[in-house]
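Here is how names work: the chains are called A, B, and so on, in the same order as the sequence lines, proteins then strands, and each is numbered from 1. In what follows, every heavy atom counts, from backbone to side chain, and hydrogens, waters and symmetry copies are set aside.
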There are 2 protein chains.
Amino acid sequence: MLTFKQLRYFVAVQQHLHFGNAADEVCVSQPALSMQIRDLEKELGLSLVERNARSIRLTPSGEEIAKRASHILRQMQDLKDYAEHAALPLSGKIRLGIIPSLAPYILPKLLPALTKQYPDLQLELRETLTASLVSELKHGSLDVILAALPIEEPDLEEEPIFEDQFLLAVSSSRKIDERKRMGATDLHGENLLLLEEGHCLRDQTLSFCGSIGQNQSANLGATSIATVLHMVASGYGVTVLPEICADTEIADERITLLRFAEPQPSRRIGLIWRKTSPRNDDFIALAECLRDVTN
Amino acid sequence: MLTFKQLRYFVAVQQHLHFGNAADEVCVSQPALSMQIRDLEKELGLSLVERNARSIRLTPSGEEIAKRASHILRQMQDLKDYAEHAALPLSGKIRLGIIPSLAPYILPKLLPALTKQYPDLQLELRETLTASLVSELKHGSLDVILAALPIEEPDLEEEPIFEDQFLLAVSSSRKIDERKRMGATDLHGENLLLLEEGHCLRDQTLSFCGSIGQNQSANLGATSIATVLHMVASGYGVTVLPEICADTEIADERITLLRFAEPQPSRRIGLIWRKTSPRNDDFIALAECLRDVTN
DNA sequence: GCATCTGATAAGGATAACTTATTGGAATGA
DNA sequence: TCATTCCAATAAGTTATCCTTATCAGATGC
């Protein structure tokens, strides 16, 4: 069988036009090199080297083979270089899935930090609902996802990053004392605005408020938090807003954010990956980076 | 060390996503393949395959490595294909040197014949004087030359092709009986026109006529046979012309060709190559082809 | 719970590859 | 002319590698 060793030895012969020197270069004895060259010629069924009493030269075919061999060896080196590169912590390609209620708020902080700290990392992003992310993660088309815990899949690992407190967003026209801590009961009779089906934030909000029996008849579900907040600002109702969204979304004076009374409701944000994934260390490092940018 | 085998096995794993099937494809046992993959991962210092109880998948780095490996294997196959091609009789690249008093007369017959019989042959041609050809042959920048024998270099092999009879070209105005066989003595007092220094034909002509003491004072040497013949046609003198040139050159009615008396002078045309050249068979085949086209 | 399927591991034998020492053939130089 | 030198090939023996069969360990599914 054709081997890389043969090609390497042969390229050395081409460069030195001397078996002994070529053998030195590849750190073997001259007979070892001679044998490999002989094997290569036998393998290819063709003379590559013209042996002359005092010197050697390559045949025209030999020159062509040497050219091709050099090229192959170079690509081999490229492959090794790539591997070395990819073996660094948090480098190479990582496919990260993020839920829509996090992506627009975390990425603007995360991406610059990653670029700075791990310049070799190529992040491929996908934003969709938790269920799809988990499915893609299990299938292997994603490496890791950032979502609300728990997922509780037996073959997935969960790494908590931070607690994201829920706030109540109401229209500023309501003139509520912002220092007042809201209880779930304060939502009685309010029109609770929600994201559309499938968003985990919707489910979390409902499970918190569910026992209250508030009015949600008008709720067909919005497609984004920004949309929900526009509705709040316009006085259509109230909504529950994760704190991480607050900085970005609330430039609008028509919205007032109210904190809930203790124990404050919250969602736990974390990274999830396959337990069998060999990139555990990478994901732990990514989690650390996420903690840094979310304080 | 990174080996070709590891890459081949790994690409098989990528294609089957199953160690057992991949092992079947490359015709080894499953443990053998597993070990090679393990070695490859160790060699590259990075996980390529994510082992799951029931199935496996490649890591993103693994996919990239597999892509590069496939490419390398393909080039490896190309190299083998090239070698197979080049191992055929008279195929691949051959650098042929020819002397000027042969090239224009033999090539028009030789090249079409070669193309037809050996389509895989790439002939690189060089036309210059014998001394240069021999030097380049010995140096290795030519593989074989077609010239007049003997060369009598100890490390060169000579293979005669055919005898090229010399004819005497005279001006038709001389009204000589064309059936008359010329003797060297008939050249007495003639102005013998010759090629310039270095042409073997000049030397051969002189060695044949040298003992005669003919007038050659006006001879500074022409650069081509065509030039010499123009001079003959114009009545400046006579010349000795190899028969192989006759067909091509003598469309001119102002020139009459005369045969010499037995033993007719001639030159022996042959192929010459380095005794150490491994392409002996190729050159023998080339000689055969040359005999065919020169009858 | 048992059969089945996965890849990993273990042990032993075959093969390949390397080492040093030597040979053979040609060129060099006294 | 003959000894010397140079270079690659060859020989013999050891080492390392690779592969095989057999077995294991974990997970899955009937």
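- Judged purely by atom type and a 3.5 angstrom limit, B:Arg126 has no side-chain atom pairing as donor or acceptor with the backbone of B:Gly97.
- Distances shorter than 4.0 Å separate some side-chain N or O of B:Arg51 from OP1 or OP2 on C:dA8.
- In this structure, A:Arg274 contributes its side chain and A:Leu137 its backbone to a donor-acceptor pair below 3.5 Å.
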Under 4.0 Å protein heavy-atom contact, by nucleotide of nucleotides 20-26 of chain C - B base, S sugar-phosphate only: BB----S
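- Partners of B:Asp164 by side chain to side chain contact (heavy atoms under 4.5 Å, CB included), not counting sequence neighbours, listed by chain and number: B:Phe162, B:Pro242, B:Glu243, B:Ile244, B:Arg267, B:Ile269.
- Contact check, A:Lys5 against C:dC18: a side-chain N or O comes under 4.0 Å of OP1 or OP2.
- Whole-Å rounding puts the B:Leu33 CG to C:dG7 C1' distance at 10 Å.
- The main-chain N or O of A:Glu63 is never found under 3.5 Å from a side-chain atom of A:Gln14 such that the two would form a donor-acceptor pair.
- Note: CE (B:Met1) to C1' (C:dA16) measures 13 Å, nearest angstrom.
- Atom NZ of B:Lys42 and atom C1' of D:dT17 are 13 Å apart (whole Å).
- Taking all atoms of both residues into account, the shortest heavy-atom contact from B:His16 to B:Ala22 is ND1-CA, 3.8 Å.
- For DNA chain C, the neighbouring residues in residues 9-21 of chain B, judged by any heavy atom under 4.0 Å, are B:His18, B:Phe19, B:Gly20.
- Ring orientation note: the planes of A:Phe4 and B:Phe4 are nearly perpendicular, at an angle over 60° on the 30°/60° scale.
- In this structure, the CD atom of B:Glu43 is 14 Å from the C1' atom of D:dT17, given to the nearest Å.
- Note that the CG atom of B:Asp39 and the OH atom of B:Tyr9 stand 11.0 Å from one another [nearest 0.5 Å].
- We find that CD1 of A:Ile56 is positioned 13 Å from C1' of D:dC6, with the value rounded to whole Å.
- Here C:dA17 presents its C1' atom at 15 Å from CG of A:Leu40, a figure rounded to the nearest Å.
- One atom, CD1 of B:Ile37, and another, C1' of C:dA8, lie 13 Å apart when rounded to the nearest Å.
- Listed for the A:Glu158 side chain is a donor-acceptor partner under 3.5 Å among the backbone atoms of A:Ile151.
- Two residues are said to be in side-chain contact when any heavy atoms from C-beta on lie closer than 4.5 Å; B:Leu123 and B:Leu111 meet this criterion.
- Taking 4.0 angstrom as the limit, B:Ser34 places none of its side-chain polar atoms (N or O) nearer than this to OP1 or OP2 of C:dG7.
- Following rounding to the nearest Å, B:Asp39 (CG) and C:dG7 (P) show an atom-to-atom distance of 17 Å.
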